[in-house]
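Have a look at the structure below, then the notes.
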Amino acid sequence: MPELPEVEVTRRSVAGGLQGARVQAVEMGLPLRWPLGCPLDDLVGRVAGAMARRGKYLWLPLVVPGVAEGEDPPGLLMHLGMSGALSFAPQAPAPGPWDHFRLHTDQGCLWLTDPRRFGAVVYSAGRQVAPAATLLARLGPEPFDPALTPARFHAALQQRRTPVKQALLSGELVVGAGNIYACEALFLAGIDPRTPCAQIGPQRAARLLARVQDVLAQAITAGGSTLKDFHDANGAAGHYQESARVYGREGEPCSVCGTPIRRLVQAQRSTYHCPKCQRR
DNA sequence: AATGGCGCCTGAACGC
DNA sequence: TGCGTTCAGGCGCCAT
């Protein structure tokens, strides 16, 4: 479920309450995507730093008090998968059937609820060493990184031979847009999702990048999209799905031209688009 | 090197 | 009511 906006909303809603908290106990339920990678007790006594985000991953530094960790402290790399959500509360509630990770601290409890268990919580001795570094290494640039210029985005598009929708989903050109926001950005940019990347000129590339940035920024402001499971760390749902123009709207009239929105399948994922507003 | 497909899981919605 | 099928926000890994 969660794409970059949901992960960022999660980060912001968790960060304040958890920073500086000392770990008192750790619980794991059913297996997640990967094993934690360290004994649960190894985390007890550590102190949480500021939660960070890279793509759709979250990084929670957990330092050992009194030990100089230098520039790259150890921590937990977390991912929400398709159905995950993090919560934080001063008082830990009774664990639900899908709560597969709980971190008890002296400031409250952080827990991951994830029915499908595609999510992950993995210990890494640093963000810049394996396994965290290995998982983060494949990620493309952040959407709001000033180094990601329209010219560079266009140049990256020229290298690829896939349809543009799949390139956006791959996260190699720019991270953060999943199925909802890739569809929305392509609609707002007026680009047919089947267009081969290399066929997109510099102006349209610049427009697409701008719309990706707009959609992600607006979704963050709206608290993300809640289709089913997602909520922030305090339990609040997102609202961006209400302003989605094409995603999940097959058969409904396009908000611009009235043409029925169509659904097609690309790389085994649904793509929603307006056949009139979006051109190759 | 790049690309397409698979599989990991559960739950909800749908058709018969 | 019940059962089988399809689909769902992601992504690492494998074979080609």
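Per chain, numbering begins at 1; letters A, B, ... match sequence-line order. When reading the values below, keep in mind they use all heavy atoms of this one structure, side chains included, and skip hydrogens, waters and symmetry mates.
If you measure from atom CD of A:Q268 to atom P of B:dG4, you get 10 Å, rounded to the nearest angstrom. Computed from coordinates, the A:R53 CZ to C:dG10 P distance equals 14 Å when rounded to whole Å. Between the C1' atom of C:dG9 and the CD atom of A:E184 lies a distance of 13 Å, rounded to the nearest Å. Taking atom CG of A:L77 as the reference point, atom P of C:dG12 lies 10 Å away to the nearest angstrom. Rounded to whole Å, the distance from OH on A:Y57 to C1' on C:dG9 is 15 Å. Nucleotide C:dG10 holds its P atom 16 Å from the CZ atom of A:R138, rounded to whole Å.
Between A:W98 and B:dG11, a side-chain N or O to OP1/OP2 separation shorter than 4.0 Å is present. Phosphate contact (OP1/OP2 of C:dG9, side-chain N/O of A:Y181, threshold under 4.0 Å): absent. Contact annotation: A:S270 side-chain N/O to C:dA8 OP1/OP2 distance is under 4.0 Å. For C:dG10, the OP1/OP2 oxygens have no side-chain nitrogen or oxygen of A:H79 closer than 4.0 Å. Between A:R33 and B:dC9, a side-chain N or O to OP1/OP2 separation shorter than 4.0 Å is absent.
Residue A:C277 holds its SG atom at 5.0 Å from CZ of A:F187, rounded to the nearest 0.5 Å. Going from atom CZ of A:R54 over to atom CD of A:E142 covers 4.5 Å, rounded to the nearest 0.5 Å.
C:dG12 and B:dG11 have their P atoms separated by 25 Å, with the value rounded to a whole Å.
Within the 6.0 Å centre-distance limit, the rings of A:Y240 and A:Y181 are counted as a close aromatic pair.
Among the heavy atoms of the strands, none lies under 4.0 Å from A:Y240.
Judged by distance alone, the side chain of A:T259 and the main-chain N or O of A:K276 form no donor-acceptor pair under 3.5 Å. Of the possible donor and acceptor atoms, none in the side chain of A:E250 sits under 3.5 Å from a partner among the backbone N and O of A:Y272. Between the side chain of A:E3 and the main chain of A:I180, a donor-acceptor pair closer than 3.5 Å is present. Side-chain N or O atoms of A:Q213 include none that pairs as donor or acceptor with a backbone N or O of A:F144 at under 3.5 Å. Between the A:D72 side chain and the A:G126 main chain, no donor and acceptor come within less than 3.5 Å of each other. A side-chain donor-acceptor contact under 3.5 Å links A:D145 to the backbone of A:A147. A:D232 contributes no side-chain N or O that, together with a main-chain N or O of A:G223, makes up a donor-acceptor pair within less than 3.5 Å.
We find that A:R211 and A:D214 are joined by a salt bridge, their nearest charged nitrogen and carboxylate oxygen being less than 4.0 Å apart.
Sorted by residue number, the members of residues 109-121 of chain A with any non-hydrogen atom under 4.0 Å from DNA chain C read A:R116, A:F118. Near-neighbour residues of DNA chain C inside residues 155-176 of chain A, defined by a heavy atom below 4.0 Å, are absent.
With C:dG9, B:dC6, C:dG12 as the candidates, the nucleotide lying closest to the side chain of A:N179 is C:dG9. Of all nucleotides listed (B:dA12, C:dG10, C:dC13), B:dA12 comes nearest to the side chain of A:K228. Side-chain proximity of A:R263 to the nucleotides C:dC13, C:dC7, C:dG10 is greatest for C:dC7.
Pairs of Watson-Crick or G-U wobble type, with distances under 3.5 Å, assemble into runs of 3 or more in DNA chain B at these ranges: B:2-8 with C:10-16, B:10-16 with C:2-8.
The hydrophobic clustering, which links ILVMFWY residues whose side-chain heavy atoms are closer than 4.5 Å, places A:V122 and A:W111 apart.
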